[in-house]
S.K.: 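What follows is a single structure, and I will ask about it in a moment.
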Amino acid sequence: MAALGKRSIWSWCRSRFLRIAVVPLLTVLVCAVSADQTEEYLKREHSLTKPYQGVGSSSSSLWDLMGSVLVTPQYVRLTPDQQSKQGAVWNRMPCYLRDWELQVHFKVHGQGKKNLNGDGFALWFTKDRMQEGLGVFVDTYPNEEKQHERIFPYVSAMVSNGSLTYDHSRDGRPTELGGCTAMVRNLNHDTFLVIRYVKRRLTVMIDIDGKQEWRDCLDVPGVRLPRGYYFGASAATGDLSDNHDIISLKLYQITVERTPTEEKADKEVFIPSVDNMKLPGVEDAAESMSGFALFLIIFFSLLGLVFAGVILLIVYNKWQERSRKHFY
């Protein structure tokens, strides 16, 4: 897929506009303006590409390998098609980019038939190793028995402030920001996913149909991610299994114009959050804190009343004593 190596804005323009025969001149102008406003630069220190020379084999490597990871000249296999395997790759360099795009070339395949396959894999941008931050999940197996609204395989995303975890038993439903169905297993053509984070907006798109076209998966504004986090990818198998292969992770720095108002509003973030969304756990903590604060207020109010009562009693006794002396 040669087009994937180019700027995704051109891919977007091509797939959304250039196939329309009406007003082609206007189409070209729109794409040209978009390209002028957005530029992308490949950041090799955060990218994992063929032939993966030195990956994980020396102290100078930019990537850590964990668990059952196997590196070949053609792919990095997170897990083989075997039971009870876990594997992950983590970038050693923290990413301080404000706007970025991660393009992922992957392949999920195995011997298992439909609904008898592995659990899938995850992509991360988190503090340390999955402590807090962003997770994007390619979930290929439904663990929850009743699945009426979602068809698997399913791509979803979540943001955690450190108090949340991905609920495997419910396939991440309690913390899901959005998602889409993505039939990614055992395909004979290349499969891609892109995670784009620009102006506090999280966008995930997929290209899994062999048509070299991006398809929208989720789009969430107001996502606030700190800088200095790490990119990674992980996979696991249980009783059922699949090969989970990462062919490339390409991170692009996005240079996008901001108005003075946008610059002023774009303050540094230290805790991951999503605007207008109360993350589970945060609300509970706030309620717990509110209850404790109410207890303290009542306690100290009663203590103050008792203290005031004692002072008044002492003053009254002193007054009575002086009154009796006055009459002697």
Side-chain angles (χ1 to χ4, degrees), residues 1-5 11 15 48-52 65 67-89 102-124 135-145 147-157 166 168-169 171-173 176 178-195 204-218 232-250:
M1 180 177 175
L4 195 69
S11 300
S15 62
L48 181 65
T49 57
K50 295 179 183 180
Y52 321 111
L65 308 182
S68 59
V69 172
L70 172 67
V71 180
T72 76
Q74 299 301 319
Y75 53 79
V76 175
R77 178 158 292 171
L78 300 177
T79 65
D81 189 2
Q82 300 174 11
Q83 295 179 340
S84 303
K85 297 294 183 179
Q86 296 181 357
V89 293
L102 181 65
Q103 295 182 3
V104 185
H105 184 185
F106 67 94
K107 187 174 183 63
V108 179
H109 57 108
Q111 298 294 324
K113 297 180 180 180
K114 185 178 181 181
N115 296 330
L116 291 174
N117 48 268
D119 289 325
F121 70 97
L123 302 160
W124 306 95
V136 175
F137 307 94
V138 182
D139 193 345
T140 54
Y141 182 79
N143 293 297
E144 193 172 17
E145 293 183 2
Q147 287 288 350
H148 300 295
E149 300 177 359
R150 301 193 295 180
I151 300 174
F152 281 72
Y154 191 83
V155 177
S156 65
Y166 183 82
H168 290 276
S169 63
D171 302 306
R173 288 177 68 96
E176 178 187 331
C180 66
T181 296
M183 300 299 182
V184 297
R185 291 191 69 250
N186 290 336
L187 299 178
N188 295 323
H189 52 261
D190 292 334
T191 49
F192 301 88
L193 180 148
V194 63
I195 306 170
V204 175
M205 295 182 289
I206 55 177
D207 176 7
I208 60 173
D209 300 320
K211 298 179 180 180
Q212 299 185 10
E213 292 181 353
W214 292 115
R215 174 157 56 91
D216 294 337
C217 183
L218 64 92
S234 66
T237 63
D239 294 334
L240 303 174
S241 61
D242 262 336
N243 296 304
H244 298 102
D245 299 342
I246 297 295
I247 298 167
S248 68
L249 298 172
K250 294 182 180 179

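Numbers for residues simply follow the sequence, beginning at 1.
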S.K.: If I take atom CZ from residue Arg185 and atom CZ from residue Phe152, how far apart are they, to the nearest 0.5 angstrom?
M.R.: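 Between atom CZ of Arg185 and atom CZ of Phe152 there are 14.0 Å.
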S.K.: When rounded to the nearest 0.5 angstrom, what is the spacing between CG in Leu70 and NZ in Lys85?
M.R.: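 Output value for this atom pair is 11.5 Å.
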S.K.: To check you understand the geometry: which heavy-atom pair defines the closest contact between Gln82 and Thr237, and what is its length?
M.R.: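 Smallest heavy-atom distance, with atoms named: O-OG1, 2.7 Å.
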S.K.: Nearest 0.5 Å, what's the CG-CZ distance between Leu123 and Phe106?
M.R.: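 With rounding to 0.5 Å, CG (Leu123) is 8.5 Å from CZ (Phe106).
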S.K.: Mind checking side chain to side chain donor-acceptor pair (under 3.5 Å) for Gln74 and listing every partner two or more places apart, or none if nothing turns up?
M.R.: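 Expected list: Lys50.
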S.K.: Does the pair Val89 and Tyr52 meet the rule for a side-chain contact (heavy atoms from CB on, under 4.5 Å), with working shown?
M.R.: CA-CA 12 Å; Val89 293; Tyr52 321 111; over 6 Å; no
S.K.: Mark yes or no for whether Ser84, through its side chain, and Asp239, through its backbone, hold a donor-acceptor pair below 3.5 Å.
M.R.: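 Not confirmed, Ser84 side chain does not pair with Asp239 backbone.
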S.K.: Relative to each other, are the rings of Trp124 and Phe137 parallel, tilted or perpendicular (30° and 60° limits)?
M.R.: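 Ring orientation of Trp124 relative to Phe137: perpendicular.
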S.K.: Hey, could you give me the NE2/CG distance between His105 and Leu193, rounded to the nearest 0.5 Å?
M.R.: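 That separation rounds to 12.0 Å.
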S.K.: At their closest point, which heavy atom of Gly178 faces which heavy atom of Leu218, and how far apart are they?
M.R.: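 That closest heavy-atom pairing would be O-CD2, 3.3 Å.
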S.K.: Could you state the interatomic distance from CG (Asn243) to CG (Leu78), rounded to the nearest 0.5 Å?
M.R.: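 Taking CG in Asn243 and CG in Leu78, the distance rounds to 10.5 Å.
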S.K.: Got a sec, which residues hit side chain to side chain donor-acceptor pair (under 3.5 Å) with Asp245, two or more places apart in sequence or on another chain?
M.R.: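 Partners of Asp245 by the side chain to side chain donor-acceptor pair (under 3.5 Å) criterion, ordered by chain and then number, come out as Arg77, His109.
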S.K.: Side chain to side chain contact (heavy atoms under 4.5 Å, CB included) with Thr181: which residues, sequence neighbours excluded?
M.R.: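 Counting only residues at least two positions away or on another chain, Thr181 forms a side chain to side chain contact (heavy atoms under 4.5 Å, CB included) with Ile151, Tyr154, Met183.
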S.K.: Heavy atoms only: give me the nearest Ser241-Gln83 pair and the separation to one decimal.
M.R.: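 Where Ser241 meets Gln83 most closely, the heavy atoms are CB-N, 4.1 Å.
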S.K.: Going by the rule side chain to side chain contact (heavy atoms under 4.5 Å, CB included), which residues pair with Asp209 if we only count those two or more places apart in sequence or in a different chain?
M.R.: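 Residues passing side chain to side chain contact (heavy atoms under 4.5 Å, CB included) with Asp209: Lys211, Arg215.
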S.K.: Between CG of Asn188 and NZ of Lys107, what distance do you get to the nearest 0.5 Å?
M.R.: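 Between Asn188 CG and Lys107 NZ, I get 6.5 Å after rounding to 0.5 Å.
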S.K.: Considering residues at least two apart in sequence or located in another chain, which fulfil the side chain to side chain contact (heavy atoms under 4.5 Å, CB included) criterion with Ala88?
M.R.: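 Applying side chain to side chain contact (heavy atoms under 4.5 Å, CB included) to Ala88 gives Met66, Trp90, Ser234.
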S.K.: Just to verify, what does Asp81 make a salt bridge (charged side-chain N to carboxylate O under 4.0 Å, His left out) with, not counting sequence neighbours?
M.R.: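 Asp81 satisfies salt bridge (charged side-chain N to carboxylate O under 4.0 Å, His left out) with no residue once adjacent residues are dropped.
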S.K.: Where do Gly120 and Ala235 come nearest, in terms of heavy atoms and distance?
M.R.: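 Closest approach of Gly120 to Ala235, heavy atoms only: O-CB, 3.7 Å.
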S.K.: Would you name the heavy atoms of Gln86 and Ala236 that are closest together and state the gap between them?
M.R.: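 Where Gln86 meets Ala236 most closely, the heavy atoms are CG-CB, 3.9 Å.
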S.K.: Apply the test side-chain contact (heavy atoms from CB on, under 4.5 Å) to residues Asn143 and Asp119: give CA-CA distance (whole Å), side-chain angles for both, the deciding distance (0.1 Å), then the verdict.
M.R.: CA-CA 9 Å; Asn143 293 297; Asp119 289 325; 4.3 Å; yes
S.K.: Taking all non-hydrogen atoms of both residues into account, name the closest pair between Gly87 and Thr79 and its distance.
M.R.: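 Of all heavy-atom pairs spanning Gly87 and Thr79, the closest is N-CG2, 3.9 Å.
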